[in-house]
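Just the heavy atoms: all of them, side chains too, but no hydrogens, waters or symmetry mates, feed the values below.
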Amino acid sequence: MVNYEEIDLKIDREHLWHPYTSTINPLPVYPVEKADGVYIYLKTGEKLIDGMSSWWAAIHGYNNSRLNAAMTRQMQHMSHVMFGGLTHAPAVGLAKRLLKVLPRGLDKIFYSDSGSVAVEVAMKMAIQYQSSRGKTTKTAFMTTRSGYHGDTWNAMSVCDPTTGMHSIFNGRLSVQYFIPAFPMDYDAPIDAAVVANMEREISEKADQIAAFILEPVVQGAGGMRFYNPEYLNILYSLCKKYDILLIFDEIATGFGRTGRYWATNHTNVVPDIMCIGKAITGGYMSFAATITTTQVADTVCAGEAGCFMHGPTFMGNPMACALACESMDILSDMGLEKISTMEKIMREELHNAEKLTSVADVRVLGAIGVIEMKEPVDMAVLQRKFVSTGIWVRPFGRLVYIMPQYIITEEELRTLCRKMIEVIS
Ligand SMILES: *Cc1c(COP(=O)(O)O)cnc(C)c1O
């Protein structure tokens, strides 16, 4: 049994690698006693309002009684069976729920273990699709700068070259094509020069490109940027015109985060392939899916291999699927009006940061609030201050941002925003 009485921080410091953290000079980590609802309780006594939803995932709060019950129920049926040659109620139940809310035409679902894997799966699908059609030169990908698609090899090759540190991996990552990021903001008018450049790049490289991959409407870890969805409508037409598949990475934006069920719902188009993850299990377990059309799936399977060449050990994990079913049910009981309310409150509150001379920009979309500073922040210092005022916010670079849980109350959300501004000023 785990000894919950003690967390040995010396062992952690000397032996555990944390995300994007140095072993020479590791940033401090805060030991967590428990998490409940919208609060994280530290061993040292602090009670923090969670502003991060554990990286977009814990949308319904920690220790959620419905998710707990779903997990317990599923455990008693089975925690896992292989998905090769077997199937089960949670996998089928999740498919049924997804088909109800997915953009029309996306109806072939491939389950996997994490967002990065879902992206790898999407990229492999695109390559197999082009190969099946005899388009053997179409093996590269195009994307925009400032994107983030995960940390595995090919996912990394389509991350922003600077923040993804492509120079270190030079010559070892697949070389992909980048166009400039779409201009900010959601409401910005369409820039004709940006569109012309995009068409030129796509038309020039068309015979080498299997697919265009990007995060629709909101770029997350690559810069917390929002852009006009109309760019996606234009991109869709160009992809059709030049025979390129379009992949939307909805891993961060899915399940209501941008105010619509999917960010794709801000556009008039349906991508050929879509990746979902993060909030899919309500933040309880790692899980993801890659979804495509019958046309793409059948073309893949009509090719040389006769099937799609992928099959993770924990594919369709019943615990994860059962949690995802329950999480989607909770979301449909909740309705997306709650997200508009959160958007309204965050606009009102974060607006106050615009007055600060250290602040470059403030933006809010759906349940995402971003304060962009003029200078990069000292994460360790700011983190300590956030913790001492009772909130959990983890900035990076020049960005101090929140994507709170959907169960947060108005009062808690206002407190979170106010304390955030108090600390940065
Ligand atoms: C987090 C993220 C991923 C990677 O997901 P993991 O579960 O961390 O592998 C991919 N794409 C986007 C847009 C993400 O936000």
To the nearest 0.5 angstrom, please state how far the [atom1] atom of [X] sits from the [atom2] atom of [Y].
X	Y	atom1	atom2	value
Lys108	Ile273	NZ	CD1	14.0 Å
Met346	Leu413	CE	CG	6.0 Å
Asn154	Cys159	CG	SG	10.5 Å
Asn233	Asn268	CG	CG	4.0 Å

Is the side chain of [X] donor-acceptor paired with the backbone N or O of [Y] at a distance under 3.5 Å, no angle test?
X	Y	answer
Thr163	Gly222	no
Asp272	Leu246	yes
Thr290	Ala118	yes
Thr143	Ile213	yes
Arg257	Ala367	yes
Glu343	Gly366	yes
Asp50	Ile40	no
Ser54	Ala57	no
Trp153	Ser174	no

### Query
Where do Thr258 and Asn265 land on the side chain to side chain contact (heavy atoms under 4.5 Å, CB included) test, with the steps shown first?
CA-CA 10 Å; Thr258 70; Asn265 300 137; over 6 Å; no
Counting C-beta onward and ignoring hydrogens, is there a side-chain heavy-atom pair between [X] and [Y] closer than 4.5 Å?
X	Y	answer
Arg398	Lys374	no
Met285	Asn317	yes
Tyr227	Glu215	no
Asp329	Arg66	yes
Tyr129	Thr292	no
Gln176	Met123	yes
Phe212	Ile202	yes
Phe255	Ser327	no

State whether a side-chain donor-acceptor pair under 3.5 Å links Glu46 with Thr44. yes
* Any chance the side chains of Glu250 and Thr253 put a donor and an acceptor closer than 3.5 Å? -> yes
Considering only residues two or more places apart or on different chains, which pairs with a residue in [range] satisfy ring pair (Phe, Tyr, Trp, His ring centres under 6.0 Å)?
range	value
residues 396-425	Phe396-Tyr401
residues 342-368	none
residues 310-335	His80-Phe314, Phe110-His310
residues 13-72	none

Do other residues, nucleotides or ligands put more than 12 heavy atoms under 6.0 Å from the [atom1] atom of [X]?
X	atom1	value
Met165	CE	no
Glu14	CD	yes
Met82	CE	no
Lys338	NZ	yes
Met309	CE	no

Identify every side-chain donor-acceptor pair in residues 177-188 under 3.5 Å, counting partners at least two apart or on other chains, and give the distances.
| residue | atom | partner | partner atom | Å |
| --- | --- | --- | --- | --- |
| Tyr177 | OH | Gln208 | OE1 | 2.3 |
| Tyr186 | OH | His266 | ND1 | 2.8 |

Taking all heavy atoms of [X] and all of [Y], pick out the closest pair and write down the distance.
X	Y	result
Cys321	Phe287	SG-CZ, 3.7 Å
Phe226	Ile368	CZ-CG2, 4.0 Å
Met78	His88	CE-CB, 3.5 Å
Ala210	Gln130	O-NE2, 2.9 Å
Thr264	Phe248	OG1-CD1, 3.5 Å
Leu416	Gly51	CD2-CA, 3.8 Å

Residue pairs passing the side chain to side chain donor-acceptor pair (under 3.5 Å) test with at least one member in residues 109-121, sequence neighbours excluded, are Glu120-Thr152
